[in-house]
Structures are given as C-alpha cells and as structure tokens.
Amino acid sequence: MDSSLGTLITTTITVSTPPQFGFWRTVYSHGWCALPPFRVDKKEETLDCVFSLSDGTLAVASLRSLGQDKISATITSQSPFSAPRKKELTQLVRSILRLDEDFSDFYRHVSRYPDYRWICRMRVGRLLRAPTVFEDVVKMMCTTNCSWALTTTMVNNLTSLLGPAADAGLHGFPAAASIAGQTDAFIRKYLRAGYRAPYLLELSDRVASGKLDLESWRTSAASTEELFRQVRGVKGIGEYAAGNILKLLGRYDYLGLDSWVRGKYSEKYHSGRRVSDTTIERRYREHGQWRGLIIWLEMTRDWFTKKFPF
DNA sequence: GCGTCCAGGTCTACC
DNA sequence: GGTAGACCTGGACGC
C-alpha cells in the first residue's frame, strides 16, 4: 500500500510472524530497544528503526504489532519504495526480530521443567538484534565496564555524530568506515568512549578493509566453541561480551555473566549473598546449548509482566 | 562547587 | 594458568 503525503510517500509492509509471537516481549528482550537507531514510541506503540539498505537508501521504519501473527512496517520516503527494497526491508525486519529462528527444540526442552514452563507458555526467547553484526558488536563493546547511562551516551554520540542523517531527525548507525576514519582523540573526547577508542578503531578498520567479515558469523557452520574463539579475537571483547554476542547470533551456550546478572542471580537464589561464577554455571549446566538463554529469561522474567518495562 | 572514592569488563605484564 | 594493576567515565558521597 502506497499513499502520498505531500512530497513524502508512505509505504506499509505486512510481515507474518510465528504463532503466539510477542512483539513487545521481543522488543524489550534486553536493552537494545533503548539504544539508537532503535527508538520506542510508547504513545504510538511502535518500534522505530533506521535501516541502511544495500542500494544506499536509508529507510526509517515504524514497526507495529497487528495481533499475534502479523506486524506492520511503515516507511516514509521521498521516492517510491520499490519491490526489491520492500523485500530487503522485510528480510531485515525478520532478522532483527528473529522471526525465522526455530525455537521448537528450546520450548520442548524448557517444558520438561515446571519452573520454566512459563517460558514455553509466553513464547519468549527471541532477542532483539541490530540489522548488522557490526552494530551489535560495537554496541556490546559500549556496554563493557560502564554504567548503562554511559553506554547510552556512547551509542547516542556514535549515531548522532557519525551516523548518516535520515528522516524525522533520526540517524542511522555509522558504517565501519565512518568510525575507522576518526582519530583516537575524537572517539575519546566526543563519543566518550575512553580507553575503548583503540578497540573501536581496530574493529572498524578490520571490518571496513574487509579483513574481518563479521556478517558471516550469523551463518557460520563453525562450532559454538570455535565461534566464541573468533568473537574473543576482537580486542575489547572479553568473556561477557562474547557470550552475549553469541546469543545475538543464535548460540546460547555461554552465560555471558555481568555484574547485573550476578546481582539478580544472587538475589533470587542466595538472598543477595555473592556467589562464584562456578556456582552459577553449575545450576545451568544441565541446560546445555540453551543455558545462556534460560538464565537471561529467568533474570528478566519480571520485564515480561509489563508492555514497557523500562 | 570541588575532590575523592568506587563500580563496571578487558587487556597486559608478571609470577 | 592465575593474579594484579591500569584503563576511563560518571555517579555517590563528604566537605
């Protein structure tokens, strides 16, 4: 459906979803929805995102739930949104919401545990991800060793200062070359990335020069252990960050513990008393390839009781 | 308003 | 292989 709006054209695409898909449960599956180019519009009840298409078009899309088996993506553009662009955007929407990932084994596994049957009932587990692995890795690097407020500052600065300008005052996520073209001093001073600056520069340079193909990680046939080693090979990505990047690649074997998860875990199981990582790992060991997803869902269970948990 | 302390992951040097 | 210290920012706290 296309309709003219002055010089702007509005295009709406309908995307089918798996049965019982929870749009807001996926949007709020972790903190990404609060980091640009994502933006939650609570009044309009949309998730707005900026997508960079392969032909260079920058598309601002508003995603909205149309019930349990459909969502819509509304794009406002200055030129007609062609069929190939619609197809590419549909694929990107499916990818960020993880609509094509098969969770049937996961739900079969958790349904064997009375304490986890709610996971199966609510059909949760799809973790929101960025359109590109590069964006996910950069953002994950910006979550390390700092408060969430500082993560937000770094990602806001990255997009507003280096990202391409889109409609509605939004910016897309910067391409690797845009970051690689900056100086260490700029990244420290204006992005507030501090000591992460050389790590961001090295990563962006390797990606921009084609020496590192991050996008291939999503379809890699390598074992999870091997992929973990590759992810850890990026400077600035340690155990925590690598474990969580793997979750966004559809591999859930690593817990990806940080201070927040450790705190939630100790509150839930040890009355707030600190426990070792080994103790936490022991509890989830029996869940094998799903342990990383189970611990995350368990620690964020209260988020699923509200449409907008934060 | 200013100075000090601390929390937050990762890397590197050292044992 | 394990450990200590440095890295940098922002918030909390005391003065």
Side-chain angles (χ1 to χ4, degrees), chain A residues 30-32 34-36 127 129-130 133-162 174 176 179-180 182-207 211-212 214 217 224-249 251-268 270-282 284 291-293 295-296 299-300 303 310:
Chain A
H30 60 119
W32 260 208
L35 298 177
L127 306 179
R129 68 182 178 189
V133 178
F134 175 68
E135 186 177 327
D136 279 333
V137 173
V138 168
K139 283 177 171 171
M140 201 63 77
M141 208 180 263
C142 292
T143 68
T144 60
N145 201 25
C146 65
S147 61
W148 181 251
L150 182 54
T151 298
T152 308
T153 299
M154 286 186 264
V155 177
N156 269 321
N157 291 338
L158 263 168
T159 48
S160 63
L161 298 177
L162 301 179
I179 302 176
Q182 306 304 317
T183 62
D184 184 284
F186 177 91
I187 292 175
R188 283 172 193 268
K189 186 173 177 186
Y190 295 105
L191 304 188
R192 313 300 296 164
Y195 70 91
R196 299 166 196 81
Y199 304 150
L200 287 169
L201 278 173
E202 185 183 311
L203 168 70
S204 303
D205 186 56
R206 288 173 69 197
V207 171
K211 287 180 191 147
L212 180 62
L214 294 182
W217 287 353
T224 304
E225 291 73 19
E226 171 52 28
L227 199 52
F228 182 79
R229 271 192 292 276
Q230 290 180 31
V231 178
R232 285 284 277 110
V234 174
K235 274 231 183 84
I237 298 296
E239 292 244 336
Y240 145 81
N244 286 301
I245 287 167
L246 281 183
K247 290 176 194 171
L248 301 182
L249 298 172
R251 317 270 191 130
Y252 307 100
D253 309 51
Y254 291 85
L255 299 186
L257 298 175
D258 65 357
S259 57
W260 186 83
V261 171
R262 290 186 186 101
K264 289 289 275 189
Y265 179 89
S266 66
E267 268 173 40
K268 183 171 172 59
H270 299 271
S271 312
R273 190 171 47 82
R274 273 187 74 147
V275 292
S276 71
D277 288 358
T278 315
T279 303
I280 303 176
E281 276 155 17
R282 200 179 306 126
Y284 293 95
R291 63 195 133 174
L293 189 53
I295 188 174
W296 180 252
M299 296 306 120
T300 57
W303 292 5
F310 49 85

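Per chain, numbering begins at 1; letters A, B, ... match sequence-line order.
Taking the side-chain hydrogen bond (donor to acceptor under 3.5 Å, both in side chains) definition, one finds that Arg274(A) meets it with nothing, sequence neighbours left out. For Asp205(A), the salt bridge (Lys or Arg N to Asp or Glu O under 4.0 Å) test picks out no residue, with sequence neighbours left out. By the salt bridge (Lys or Arg N to Asp or Glu O under 4.0 Å) test, Glu267(A) is found to be paired with no residue, residues two or more places apart in sequence or in another chain being considered. For Phe134(A), the ring pair (Phe, Tyr, Trp, His ring centres under 6.0 Å) test picks out no residue, with sequence neighbours left out. For Arg291(A), there are no side-chain hydrogen bond (donor to acceptor under 3.5 Å, both in side chains) partners two or more places apart in sequence or in a different chain. Under the rule for a side-chain hydrogen bond (donor to acceptor under 3.5 Å, both in side chains), the partners of Gln230(A) that lie at least two apart in sequence or sit in another chain are Trp217(A), Glu226(A). By the side-chain hydrogen bond (donor to acceptor under 3.5 Å, both in side chains) test, Arg251(A) pairs with Thr224(A), sequence neighbours left out.
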Heavy atoms under 4.0 Å is the rule here; annotate nucleotides 4-11 of chain B 5' to 3' with B where the base is hit, S where only the sugar-phosphate is, and - elsewhere. ----BBSS
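Annotation: salt bridge (charged side-chain N to carboxylate O under 4.0 Å, His left out) contacts involving residues 134-147 of chain A, sequence neighbours excluded, comprise Glu135(A)-Lys139(A), Asp136(A)-Arg218(A).
One axis for each end of the helix from dG1(B)-dC15(C) to dC15(B)-dG1(C), each built from five base pairs, and the angle between them comes to 30° at 10° resolution.
Across all non-hydrogen atoms, the minimal contact from Leu212(A) to Val234(A) is CD2-CG2, 4.2 Å.
In 5' to 3' order, the nucleotides of DNA chain C bounding all contacts with chain A (an atom under 4.0 Å from a heavy atom) are dC7(C) to dG10(C).
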Without placing hydrogens or testing angles, list every side-chain donor-acceptor pair under 3.5 Å for residues 142-150 of chain A, not counting sequence neighbours.
unit_1	atom_1	unit_2	atom_2	d
Thr143(A)	OG1	Met140(A)	O	2.7
Thr143(A)	OG1	Tyr240(A)	OH	2.6
Thr144(A)	OG1	Met141(A)	O	2.7
Asn145(A)	ND2	Tyr195(A)	OH	3.1
Ser147(A)	OG	Leu150(A)	N	3.2

